[in-house]
**Student:** 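Structure below; questions to follow.
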Amino acid sequence: MTTLEKAKLWLSDTFDKETRDAVQLLIDSNSPDLEDSFYRELEFGTGGMRGIMGVGTNRLNKYTLGQATQGLANYMLQQFQGEEISVAIAYDVRHNSKEFGKLVADVLTANGIKVLLFKNHRPTPELSFTVRDKKCNGGIVLTASHNPPEYNGYKVYWNDGAQIVPPHDEAIINEVYSVKFEEIKFQGNDDLIEWIGDEQDDVYIDACIENSSYQDVGKGNLNIVFTSIHGTTYTTVPQALEKAGFKKVDLVKEQMIPSGNFPTVASPNPEEPAALEMAMDLAKITNADIVIGTDPDGDRLGIAVRNLEGEIQLLNGNQCNTILTYYILDQWKKQGKITGKEFIGSTIVTSDIFFDIAEKFEVDCKVGLTGFKWIGKMIRDFEGQEKFVCGGEESFGFMTGDFVRDKDSCGSIILACEIAAWCKANGKTMYEYLIEIYQETGMYYEGLINIVKKGRDGAEEIQNMMKNFRENPPKELAGSPVEEVKDFKEQTNYVVSENKKHVMDDIPKSNVLIYYTQDGTKVCVRPSGTEPKIKFYVSVKETITSKEDFEETLKSLEAKIEEIRKDLQLN
């Protein structure tokens with residue numbers, strides 16, 4: 001079926017007049033958007049279903065959301081026969097999120113499923129917490145994380161509070177794709193909706209403090225700057241910091257106003273220094289020790305601290321997680337809580353420093369595919385056997401304990417500020433604390449290279465790039481021979497010195513390649529599951545013996561990453 005034929009199906013009476021008119025306009029104007037709107041169906045990636053809002057099968061709209069929710073309802077009715085099924089729903093500040101939340105609720109209640117619906121914007125981790133706190137069968141959050149304003153998305157959670165993983169994800173997708181648009185039940189039953197408000201914030205915040213606090217040192221003397229970057233955490237983080245005992249918190253007031261336009265930033269992504277520019281400017285005025293920002297749905301956080309020159313500098317995700325993980329394990333050790341049956345969680349694209357930290361504190365480090373749903377799966381798989389301590393991935397996500405089964409900025413912020421306060425009370429900065437950790441583990445440094453390829457042609461180009469890297473792996477990177485090639489799609493580990501492929505089936509299949517060199521360099525290649533990008537995660541390492549060696553070692557590692565970029569011909 002051609003794209004035009006697919007589009008004409010949306011001119012039937014199954015679709016409302018507004019949708020039919022919009023599709024007809026795309027056809028009549030021969031719009032270039034017609035191809036991208038209909039050439040495929042939206043897919044569930046590592047973060048669920050995410051896409052540009054608009055009409056079409058490849059857009060997020062009333063019908064694609066309705067189809068996804070009807071398929072989910074069909075599956076839940078099969079899985080929980082005879083039970084009163086309930087689903088919690090939250091949504092972020094994006095355009096249409098609130099309306100989409102009610103639409104999704106209507107489809108569920110039309111199928112006899114009870115809905116616990118937040119009255120207003122709430123962070124994604126609070127949704128994860130609520131699923132377990134209210135003993136729901138599942139959860140849904142409407143969000144596109146840090147994507148541009150034209151995007152929205154849909155993430156599904158199971159009854160453990162974690163995002164769906166096999167076998168549920170594949171089974172739900174099969175149900176979704178079997179739903180015809182005319183089969184969607186849109187006429188909801190408001191009697192089956194329970195509205196959730198501020199009272200749930202208090203329960204969630206208390207849990208964040210309980211699971212993220214270890215000592216009360218210097219909290220009243222720490223200068224904090226916080227920004228929600230127009231996102232959902234305006235509802236939780238300021239209250240949580242105050243309740244946790246922090247007295248000096250300055251807010252970037254212009255960015256505490258929720259807005260799907262994200263008017264003060266080019267991108268609401270705390271991974272990017274530009275997103276925290278206003279917060280850093282405020283930090284200069286307030287002499288802040290730490291600057292923190294969160295993304296629109298409040299699961300990711302960016303942390304900036306004073307570097308060796310006293311300037312505020314954004315840490316990367318691996319650096320943040322290194323500090324948080326090391327501190328937690330150190331506290332657990334001091335409290336005698338490490339018994340040998342504990343583990344931390346990480347992902348295949350995250351720094352290998354977490355293996356070194358785990359070894360130092362005699363805990364296990366389990367690794368899964370990209371995305372926090374795999375860390376959530378670890379917790380469920382080992383529940384009752386091993387105790388989960390904390391987990392993180394390089395993309396600015398972290399979770400403390402298992403009370404939330406997704407990355408959680410609120411608990412992580414409370415923990416980060418405690419560490420900053422403790423460091424300040426002991427005459428050092430978090431940055432210096434990080435260097436002390438590097439002196440024990442070796443200094444790891446990472447770079448992320450994103451190559452953007454939009455549209456249908458871009459998707460094909462990304463496929464061809466993966467094919468080429470799979471069939472023609474580099475022989476060496478930055479002068480160091482490649483000694484292992486891990487292919488998670490083929491589930492093989494090719495050891496160059498043996499000229500042999502070993503089976504590697506402990507992690508599910510995924511279109512990811514990892515190259516390891518003799519000097520410890522690691523390069524991971526994967527297409528993004530939520531954006532039109534192919535990503536290259538580069539990790540390099542050198543030993544460091546003192547704080548005085550840090551700057552020189554950093555320059556050496558940065559130069560090495562640039563050399564690897566050239567070796568891979570990434571412009």
Side-chain angles (χ1 to χ4, degrees), residues 47 92-94 121 123-126 143-149 151 153 224-238 240-241 249-283 288-307 312-324 350 371-372 392-400 406-417 419-420 430-431 446-448 450 528 530-531 533 535:
D92 71 6
V93 302
R94 289 179 173 275
H121 321 115
T124 290
E126 186 170 355
T143 177
S145 187
H146 57 281
N147 279 51
Y151 281 80
I224 303 167
V225 167
F226 172 73
T227 174
S228 64
I229 317 181
H230 303 289
T232 56
T233 54
Y234 76 93
T235 63
T236 53
V237 170
L241 287 171
V249 182
D250 289 290
L251 307 177
V252 183
K253 293 180 181 178
E254 302 93 327
Q255 295 183 329
M256 298 303 288
I257 301 169
S259 172
N261 290 322
F262 314 114
T264 64
V265 293
S267 169
N269 185 355
E271 297 181 49
E272 300 172 6
L276 294 181
E277 187 174 342
M278 291 182 70
M280 291 182 183
D281 287 344
L282 181 58
D289 303 296
I290 185 170
V291 171
I292 302 173
T294 54
D295 67 345
D297 70 318
D299 55 0
R300 299 180 189 220
L301 73 160
I303 298 175
V305 296
R306 299 280 173 185
N307 61 22
I312 288 285
Q313 178 176 323
L314 180 65
L315 301 174
N316 68 37
N318 286 307
Q319 291 170 330
C320 292
N321 295 346
T322 294
I323 294 170
L324 301 181
T350 300
F372 256 74
E393 64 178 353
E394 58 75 40
S395 58
F396 290 66
F398 194 79
M399 60 195 294
T400 63
D406 204 344
K407 51 186 177 285
D408 173 27
S409 69
C410 187
S412 302
I413 287 169
I414 292 168
L415 176 66
C417 289
I419 297 170
M430 282 180 73
Y431 202 79
E446 292 78 31
L448 174 60
N450 290 311
S528 171
T530 56
E531 300 172 279
K533 295 178 180 178
K535 296 186 172 186

**Student:** Using side-chain heavy atoms (C-beta onward) and a distance below 4.5 Å, is Arg306 in contact with Ile312?
**Tutor:**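 Counting from C-beta outward, Arg306 and Ile312 do come under 4.5 Å.
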**Student:** Is the backbone N or O of Ser145 less than 3.5 Å from a side-chain atom of Arg94, with the two atoms forming a donor-acceptor pair by type?
**Tutor:**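 Yes, Arg94 side chain to Ser145 backbone: donor-acceptor pair under 3.5 Å.
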**Student:** Nearest 0.5 Å, please: how far is CD1 in Ile303 from SG in Cys417?
**Tutor:**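 It is 7.5 Å, given to the nearest 0.5 Å.
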**Student:** Find the distance between CZ (Arg300) and CG (Asp408) and round it off to the nearest 0.5 Å.
**Tutor:**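 Arg300 atom CZ to Asp408 atom CG measures 14.0 Å (nearest 0.5 Å).
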**Student:** What heavy-atom pair brings Val225 and Ala288 nearest, and what distance separates the two atoms?
**Tutor:**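 Val225 and Ala288 have their closest heavy atoms at CG2-CB, 3.7 Å.
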**Student:** Going from CD1 on Ile414 to CG on Leu241, what distance comes out if it is rounded to the nearest 0.5 angstrom?
**Tutor:**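 Ile414 CD1 to Leu241 CG: 6.5 Å, rounded to 0.5 Å.
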**Student:** Can Asn450 and Lys535 be said to form a side chain to side chain contact (heavy atoms under 4.5 Å, CB included), step by step?
**Tutor:** CA-CA 5 Å; Asn450 290 311; Lys535 296 186 172 186; 3.1 Å; yes
**Student:** Would you call Pro123 and Thr235 a side-chain contact if the rule is heavy atoms closer than 4.5 Å?
**Tutor:**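 Yes, side chains in contact.
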**Student:** Would the number of heavy atoms belonging to other residues, nucleotides or ligands and lying under 6.0 Å from CD of Glu277 be above 12?
**Tutor:**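 Counting other residues, nucleotides and ligands, CD of Glu277 stays at 12 neighbours or fewer.
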**Student:** Please name the pair of heavy atoms, one in Gly392 and one in Phe372, separated by the smallest distance, quoted to 0.1 Å.
**Tutor:**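 Result for this residue pair: CA-CZ, 3.6 Å.
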**Student:** Which atoms form the tightest heavy-atom contact between Ser267 and Ala275, and what is the distance?
**Tutor:**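 Shortest heavy-atom contact: O-CB, 3.5 Å.
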**Student:** Can you see which heavy atom on Ala420 is nearest to which on Met430, and at what distance?
**Tutor:**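 Here Ala420 and Met430 meet closest at CB-SD, 3.5 Å.
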**Student:** Indicate the atoms forming the closest heavy-atom contact of Val291 with Ala279, along with that distance.
**Tutor:**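 Closest approach of Val291 to Ala279, heavy atoms only: CG1-CB, 3.5 Å.
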**Student:** Quick check: does any side chain N or O of Thr232 sit under 3.5 Å from a backbone N or O of His121, one acting as donor and the other as acceptor?
**Tutor:**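 Checked: no pair found.
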**Student:** Relative to the ring of Phe262, is the ring of His230 parallel (under 30°), tilted (30 to 60°) or perpendicular (over 60°)?
**Tutor:**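 Plane angle between 30° and 60°, so tilted.
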**Student:** Give, for atom CG of Asn321 and atom CG of Asn316, the distance between the pair rounded to the nearest 0.5 Å.
**Tutor:**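 Asn321 atom CG to Asn316 atom CG measures 9.0 Å (nearest 0.5 Å).
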**Student:** Flag the pair Glu446 / Glu394 as yes when at least one side-chain heavy-atom distance between them is below 4.5 Å, and no otherwise.
**Tutor:**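 They are not in side-chain contact.
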**Student:** Do the non-hydrogen side-chain atoms of Asp295 and Phe396 ever get within less than 4.5 Å of each other?
**Tutor:**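 No, side chains not in contact.
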**Student:** Measuring from atom CZ of Phe226 to atom CD1 of Ile413, what distance do you get when rounded to the nearest 0.5 angstrom?
**Tutor:**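 Interatomic distance, Phe226 CZ to Ile413 CD1, rounded to 0.5 Å: 5.0 Å.
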**Student:** Is there a side-chain contact between Val265 and Met278, using heavy atoms and a 4.5 Å cut-off?
**Tutor:**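 With C-beta onward as the side chain, the pair stays apart.
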**Student:** Are Ile323 and Leu315 packed together at the side-chain level, in the sense that at least one heavy-atom pair is separated by less than 4.5 angstrom?
**Tutor:**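 Heavy-atom side-chain distance check passes, below 4.5 Å.
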**Student:** Which value, rounded to the nearest 0.5 Å, describes the distance between Ser412 atom OG and Leu324 atom CG?
**Tutor:**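 Rounded to the nearest 0.5 Å, the OG-CG separation comes out at 6.0 Å.
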**Student:** Here's a test for you: under side chain to side chain donor-acceptor pair (under 3.5 Å), which of Glu254, Lys253, Gln255 qualifies with Thr227?
**Tutor:**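 Single side chain to side chain donor-acceptor pair (under 3.5 Å) partner of Thr227 among Glu254, Lys253, Gln255: Gln255.
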**Student:** Whether the Thr143 and Thr124 side chains hold a donor-acceptor pair (N or O, under 3.5 Å, no angle test) is what I'd like checked.
**Tutor:**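 Checked: Thr143/Thr124 side chains show no N/O donor-acceptor pair below 3.5 Å.
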**Student:** With the side chain counted from C-beta on, respond yes when Ile229 and Leu276 share a heavy-atom pair under 4.5 Å apart, and no when they do not.
**Tutor:**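 Of all side-chain heavy-atom pairs linking Leu276 with Ile229, at least one is under 4.5 Å.
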**Student:** Please give me the minimum heavy-atom distance between Pro125 and Ser409, naming the atom from each residue.
**Tutor:**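 Minimum heavy-atom contact is CG-N, 4.4 Å.
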**Student:** Can you check whether Ser228 reaches Thr294 side chain to side chain, under 4.5 Å on heavy atoms?
**Tutor:**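 Side-chain contact under 4.5 Å: yes.
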